Amino acid sequence: MSDKPEEVREMLTAEQVLAMIPISRTTLFRLERDRVFPKGEAITPHRKLWFKDEVIAWQRDLRDPKSALSQAMRARNSKASTPRKLKAV
């Protein structure tokens with residue numbers, strides 16, 4: 001055990017994250033699933049929290065056009081804006 005006290009990191013609920021990042025709850029979980037948003041920590045089977053410092057770092061990386069995150073989000077968004085081809089029936 002070290003002599004240095006452990007740092008307590010502030011955690012956010014989904015509602016608090018969504019207040020910081022104006023997206024839908026579904027989009028939040030999709031971004032997390034696609035590994036472009038920090039992974040939340042399940043504290044109970046029905047409760048998940050995110051570390052505030054990781055969410056802030058994500059925001060910072062998103063604004064940096066050279067960051068891997070920013071490039072991944074641009075690629076992800078360009079796929080979403082590509083029209084889908086419909087099958088002829």
Side-chain angles (χ1 to χ4, degrees):
M1 188 170 196
S2 75
D3 295 333
K4 185 177 163 183
E6 284 191 39
E7 180 182 337
V8 176
R9 296 168 63 194
E10 186 175 351
M11 298 183 89
L12 304 171
T13 64
E15 292 76 21
Q16 290 171 314
V17 171
L18 296 173
M20 293 174 67
I21 303 167
I23 57 176
S24 72
R25 187 177 189 90
T26 301
T27 299
L28 171 65
F29 289 106
R30 283 183 185 150
L31 291 172
E32 182 187 28
R33 177 198 67 201
D34 295 345
R35 297 183 180 157
V36 292
F37 192 78
K39 187 173 178 352
E41 299 291 326
I43 59 170
T44 69
H46 301 285
R47 187 74 163 166
K48 184 181 270 195
L49 300 175
W50 287 262
F51 287 109
K52 184 176 182 178
D53 59 336
E54 291 179 1
V55 174
I56 292 169
W58 178 86
Q59 289 176 312
R60 200 174 299 123
D61 285 348
L62 192 59
R63 289 187 302 231
D64 179 4
K66 296 179 183 176
S67 75
L69 170 65
S70 182
Q71 293 171 11
M73 289 298 286
R74 271 192 303 248
R76 186 177 189 276
N77 290 337
S78 68
K79 286 180 188 175
S81 64
T82 305
R84 295 181 182 174
K85 293 181 182 178
L86 299 176
K87 293 182 182 180
V89 180

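No hydrogens, no waters, no symmetry mates; every other heavy atom, side chains included, goes into these values. Only a predicted model underlies this, so the values are computations on that prediction, with no experimental measurement involved.
Every side-chain hydrogen bond (donor to acceptor under 3.5 Å, both in side chains) that R9 has, sequence neighbours left out, goes to D53, E54. For E32, the side-chain hydrogen bond (donor to acceptor under 3.5 Å, both in side chains) partners are K48, not counting sequence neighbours. Under the side-chain contact (heavy atoms from CB on, under 4.5 Å) criterion, R63 pairs with R60, not counting sequence neighbours. Shown here are the side-chain contact (heavy atoms from CB on, under 4.5 Å) partners of M73, two or more places apart in sequence or in another chain: L31, V36, L62, L69, R76. Under the side-chain hydrogen bond (donor to acceptor under 3.5 Å, both in side chains) criterion, R25 pairs with E15, not counting sequence neighbours. Evaluation of the ring pair (Phe, Tyr, Trp, His ring centres under 6.0 Å) rule for F51 yields no partner, not counting sequence neighbours.
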What's the verdict on side-chain contact (heavy atoms from CB on, under 4.5 Å) for M11 and K52, showing C-alpha distance, side-chain angles and the deciding distance? CA-CA 5 Å; M11 298 183 89; K52 184 176 182 178; over 6 Å; no
I would like to know whether S67 and S70 meet side chain to side chain donor-acceptor pair (under 3.5 Å); could you show each step before the answer? CA-CA 5 Å; S67 75; S70 182; 4.5 Å; no
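Two residues are said to be in side-chain contact when any heavy atoms from C-beta on lie closer than 4.5 Å; V17 and T13 fail this criterion. Side-chain contact check for W50 versus L28: some heavy-atom pair is nearer than 4.5 Å. Taking the side chain as every heavy atom from C-beta outward, Q59 and M20 approach each other to under 4.5 Å. Taking the side chain as every heavy atom from C-beta outward, L49 and L12 never approach each other to under 4.5 Å.
Atom CD1 of I56 sits about 12.5 Å away from atom CG of D61, to the nearest 0.5 Å.
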